[in-house]
Amino acid sequence: MKYDVTVIGSGPGGYVAAIRCAQLGLKTAIIERYPVLGGTCLNVGCIPSKALLDSSEHYHNAKHKFEVHGIGVTGLKVNMPQMIKRKGEVVEANTKGIEFLMKKNKIDVFTGHGSFLTANKISIAKADGTKEEIETDKTIIATGSKPIVPEAFNYDKKRVITSTEALNIDFVPKRMVIIGGGVIGLELGSVYARLGTEIEVVEYMDRIIPTMDGDCSKELQRVLKALGFKFHLGHKVNTVKASKTGVTVEVQKRDSEETFSLKADYCLVAIGRRPYTDNLGLENVGIQKDERGRIAVDKHLQTNVPGIYAIGDVIQGAMLAHKAEEEGVFVAETIVGQQPHVDYNLIPGVVYTWPEVAAVGQTEEQLKAAGVPYKVGKFPMKALGRSRASTDTEGMVKILAHKETDEILGVHIVGARAADLIAEAVALMEFRASAEDCARMSHAHPTYAEAMKEAALGATANRAIHI
Ligand code: FAD
Ligand code: NAD
């Protein structure tokens, strides 16, 4: 069999690349080592984690927020097996959707582990031990990433777990230690904290979500503390030991000899992910990696071997599903000679805690470090009628604009529906809008989006109306 393009990996990078290739008239194959399509995102990432976040949020609201709305609930309890079952159904509906899209676009799906034999020949190792070979003109590597787990943490998948296993615990643990105060730690920590688990987070840096704007870290930490999270910032974990029933986590204060141990039912390791290129046969074709083990690509996302491209988590940049998708479209269009573009500064980032955190563009710390003159407009959610009506009064919108030109350089939101609100900021910044452009746009009342307008008014001329 000979294809114009073969995509290795069916996550959001791979399946979107395959669809765009097929739309552009290329005979396309996709290889996936698991029997289900959709990659990390659909199977053990974005979708299942959001399903559990939504379920646990319903429980939390029923327990803590309904009363103030005048709704009494008796006999409230968590049915964890049902919660996990529903999550599984959500995943299945999504992965079936990708199967349908592959058929609709006449993309041939091969199930098995793909590896390069030559630049134009790929071997597919199947679960039954047999092998198949296909020929291809071009290849897109979209093999994604896996969790990083140092050996000293003794990852046993039972008590010392990663996000993959944390999505399948079918009872509410009493205590969980989470290593890493980044996106996974705080999202999955929120799921279990809402259900009643005592959560302790050990984070190496001095603040949680350390790559996001400092004001977002501060606001989120305050809210999560109120939810019951305990934080050990500026600490690292030396070892984790598991027994049949629990874990002991040895923690050390960073830059000091001071140590202590934490005991819990589970230890969730969430300290980042590594690019996944195991047994891909890169050495057979001489594909180069960078210093962090990612496949090295040029500005066209082409590797050092002509005709072989790479996208998504396996290359440099943010490990986000929508970044992988943009790159999938970019490569497909590049292959047919178009000149597409991805603006990496405008890939938004979201943390699906409640309130959510969402951001796009530059943080205040980055602008300071780069010496860019800027002004700040901030508006607290608690000053909005919409927030008071729903009791979602936590958070703020922060807009950073250029001091002289007024161009919006960064938007940072903590608040209800921040994940959806950030789309306005992306659109504004794509069109290089000024803060005044946003301030002069009518925003429906009452909405959370009014906080965008108010923050923009604040940035424009310190003339927010409602504070
Ligand atoms: P992946 O989705 O990892 O897919 C790669 C695929 O390639 C896999 O199916 C793998 O089996 C397959 N593969 C690998 N090697 C081979 C081979 N040799 N042969 C055949 N197949 C192979 N991102 C967001 O934007 N929003 C979120 O809310 C979000 N939540 C997340 C929650 C969790 C718990 C996790 C772990 C991640 C989350 N992410 C989120 C990140 C997101 O899942 C990844 O950025 C995204 O899946 C990357 O897409 P990808 O296509 O590059 O790789
Ligand atoms: P992360 O990079 O978001 O956070 C890891 C955290 O662990 C960082 O704060 C880091 O300082 C800390 N850390 C690193 N080593 C440590 C150590 N030895 N001891 C203590 N702390 C340590 O990584 P993650 O949370 O594992 O998520 C992995 C990837 O998945 C991220 O790149 C993220 O983009 C993606 N993801 C995205 C979403 C989303 O978009 N909502 C959700 C989940 C995951």
Side-chain angles (χ1 to χ4, degrees), residues 7-17 30-34 36-50 52-53 95 110-116 122-125 140-148 150 152-153 162-164 166-167 178-189 201-212 217 232-238 251-252 254 268-282 310-315 317-325 327-328 347-353 356-358 419:
V7 182
I8 310 179
S10 72
Y15 84 74
V16 168
I30 191 164
I31 307 172
E32 171 54 57
R33 62 202 286 265
Y34 291 115
V36 279
L37 302 177
T40 304
C41 171
L42 271 69
N43 291 286
V44 289
C46 324
I47 299 300
S49 59
K50 266 81 256 180
L52 292 184
L53 277 157
T95 57
F110 292 88
T111 305
H113 189 101
S115 61
F116 287 99
I122 297 172
S123 155
I124 303 158
I140 303 173
I141 303 170
T143 51
S145 62
K146 294 275 179 206
I148 296 171
F153 292 1
T162 64
S163 52
T164 304
L167 293 165
I178 299 178
I179 312 178
V183 201
I184 291 183
L186 302 182
E187 287 187 1
L188 292 178
V201 174
V202 182
E203 164 59 51
Y204 186 77
M205 305 299 279
D206 292 323
R207 60 186 176 98
I208 58 170
I209 44 169
T211 54
M212 297 187 89
S217 299
H232 302 280
L233 303 180
H235 283 76
K236 61 180 182 183
V237 169
N238 291 329
V251 185
Q252 184 176 346
R254 202 190 58 207
L268 168 61
V269 184
I271 59 168
R273 295 175 62 87
R274 67 169 175 91
Y276 182 71
T277 57
D278 297 7
N279 304 318
L280 192 53
L282 296 182
I311 59 173
D313 281 12
V314 79
I315 65 166
M319 288 185 169
L320 294 172
H322 43 286
K323 178 257 193 189
E325 291 185 26
E327 292 179 338
I347 303 274
V350 175
V351 189
Y352 292 83
T353 46
E356 294 168 339
V357 184

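As the structure lists them, so they are numbered: ligands from 1, and atoms in each ligand from 1. No experiment lies behind these values; they were computed from the predicted model shown.
Only one option out of Val269, Asn238, Thr162 pairs with Phe153 in a side-chain contact (heavy atoms from CB on, under 4.5 Å); it is Val269.
Side-chain N or O atoms of Asn43 include one that pairs as donor or acceptor with a backbone N or O of Leu37 at under 3.5 Å.
The protein atom (non-hydrogen) at minimum distance from atom 20 (C) of ligand 2 is Tyr204 N, 3.4 Å. Nearest protein heavy-atom neighbour of atom 2 (O) of ligand 1: Thr40 N, 3.0 Å. In terms of protein heavy atoms, atom 18 (N) of ligand 1 is closest to Gly114 O, 2.9 Å. Residue, atom and distance of the protein heavy atom nearest to atom 6 (C) of ligand 1 are Glu32 OE1, 3.6 Å. Here the protein heavy atom with the shortest distance to atom 7 (O) of ligand 1 is Gly9 CA, 3.1 Å. Atom 4 (O) of ligand 2 has Gly182 CA, 3.3 Å as its closest protein atom, hydrogens excluded (heavy atom only). The protein non-hydrogen atom at the shortest distance from atom 51 (O) of ligand 1 is Gly13 N, 2.9 Å. Shortest contact from atom 39 (C) of ligand 2 to any protein heavy atom: Val350 O, 3.3 Å. Considering only non-hydrogen protein atoms, atom 17 (C) of ligand 2 sits nearest to Ile271 CG2, 3.9 Å. Scanning the protein for heavy atoms near atom 2 (O) of ligand 2, the closest one is Gly272 CA, 4.4 Å. Considering only non-hydrogen protein atoms, atom 39 (N) of ligand 1 sits nearest to Cys46 SG, 3.7 Å. Considering only non-hydrogen protein atoms, atom 19 (N) of ligand 2 sits nearest to Ile179 CG2, 3.8 Å. Protein heavy atom at the shortest distance from atom 11 (O) of ligand 2 is Glu203 OE2, 2.6 Å. Atom 37 (C) of ligand 1 has its closest protein heavy atom at Gly45 CA, 4.0 Å. Closest protein heavy atom to atom 44 (C) of ligand 1: Asp313 OD2, 3.3 Å. Scanning the protein heavy atoms around atom 5 (C) of ligand 2, the nearest turns out to be Ala270 O, 3.5 Å.
For ligand 1, the polar-atom distance check finds an N/O of Ala321 within less than 3.5 Å of one of the ligand's N/O atoms. For ligand 2, the polar-atom distance check against Met319 finds a nitrogen or oxygen pair separated by under 3.5 Å. The distance criterion of under 3.5 Å between nitrogen or oxygen atoms is not met by Val351 with respect to ligand 2. Annotation: Tyr352 places no N or O atom under 3.5 Å from an N or O atom of ligand 2; distance criterion only. Inclusion of Lys236 in the set of residues having an N or O under 3.5 Å from an N or O of ligand 2 is not warranted. Taking any N or O of Leu320, backbone or side chain, at least one lies under 3.5 Å from an N or O belonging to ligand 1. Between Arg273 and ligand 1, no pair of N/O atoms sits closer than 3.5 Å. An N or O contact shorter than 3.5 Å is missing between Tyr276 and ligand 1 by distance. Distances between N or O atoms of Tyr352 and those of ligand 1 include no value under 3.5 Å. Considering backbone and side-chain N/O of Leu320, none are found under 3.5 Å from N/O of ligand 2. Residue Phe153 places no N or O, backbone or side chain, under 3.5 Å from any N or O of ligand 2. Below 3.5 Å of separation, one finds no N or O of His235 facing any N or O of ligand 2.
Each of the atoms 1 (P), 3 (O), 5 (C), 52 (O), 53 (O) of ligand 1 lies under 4.0 Å from some heavy atom of Gly144. Below 4.0 Å from some heavy atom of Gly112 lie the following atoms of ligand 1, by number and element: 19 (N), 20 (C). Applying the 4.0 Å criterion to heavy atoms of Ser49 picks out, from ligand 1, the atoms 32 (C). Close approach of ligand 1 to Leu280 is summarised as follows: ligand atoms under 4.0 Å from at least one heavy atom of the residue are 18 (N). Distances below 4.0 Å separate heavy atoms of Tyr34 from the following atoms of ligand 1: 11 (O). Here is the list of ligand 2 atoms found below 4.0 Å of a heavy atom in Arg273: 28 (C), 29 (C), 30 (O). Less than 4.0 angstrom separates some heavy atom of Ala142 from each of these atoms of ligand 1: 5 (C), 6 (C), 7 (O). Of all atoms in ligand 1, numbered sequentially from 1 with element shown, those under 4.0 Å from a heavy atom of Cys41 are 2 (O), 43 (O), 47 (O). Close contacts between ligand 2 and Met205 involve ligand atoms 11 (O) [criterion: under 4.0 Å to a heavy atom]. Taking every heavy atom of Gly39 and a limit of under 4.0 angstrom, the matching atoms of ligand 1 come to 2 (O), 4 (O), 8 (C), 9 (O).
Under a 4.0 Å heavy-atom criterion, Lys50 is in contact with ligand 1. In this structure, Ser115 has no heavy atom closer than 4.0 Å to ligand 1. For the pair Pro48 and ligand 1, no heavy-atom separation below 4.0 Å is found. At a 4.0 Å cut-off, not a single heavy atom of Val350 sits close enough to ligand 1 to count as contact. The shell of residues lying under 4.0 angstrom from ligand 2, judged by heavy atoms, excludes Ala318. Ligand 1 lies out of reach of Lys323, whose nearest heavy atom is not under 4.0 Å from it.
The structure places NE2 of His232 at 15.0 Å from CZ of Arg254, a figure rounded to the nearest 0.5 Å.
Two residues are said to be in side-chain contact when any heavy atoms from C-beta on lie closer than 4.5 Å; Asn279 and Ser115 fail this criterion. In this structure, Pro150 and Ile271 have side chains that are in contact, with non-hydrogen atoms separated by less than 4.5 Å. The shortest distance between side-chain heavy atoms of Ile141 and Leu282 falls below 4.5 Å. With a 4.5 Å cut-off on side-chain heavy atoms, Ile8 and Phe116 count as touching. Annotation: side chain of Glu203 is not in contact with side chain of Leu186 (no heavy-atom distance under 4.5 Å). Residues Leu167 and Ser49 form a side-chain contact, since some pair of their non-hydrogen atoms from C-beta on lies under 4.5 Å apart. Residues Glu187 and Val351 form a side-chain contact, since some pair of their non-hydrogen atoms from C-beta on lies under 4.5 Å apart.
Taking each of Met319, His113, Arg33 in turn, the one with a heavy atom nearest to atom 21 (N) of ligand 1 proves to be Arg33. Ranked by closest heavy atom to atom 49 (O) of ligand 1, the top entry among Ser10, Gly11, Pro12 is Pro12. Comparing Thr162, Val183, Leu268 by heavy-atom distance to atom 3 (O) of ligand 2, the nearest is Val183. The residue among Leu42, Leu52, Thr143 with a heavy atom at the shortest distance from atom 15 (N) of ligand 1 is Thr143.
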Assess whether side-chain contact (heavy atoms from CB on, under 4.5 Å) is satisfied between Leu188 and Leu268, documenting all intermediate values. CA-CA 9 Å; Leu188 292 178; Leu268 168 61; 4.0 Å; yes
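Residue Ser163 touches ligand 1 through its side chain alone, judged by heavy-atom distances below 4.0 Å.
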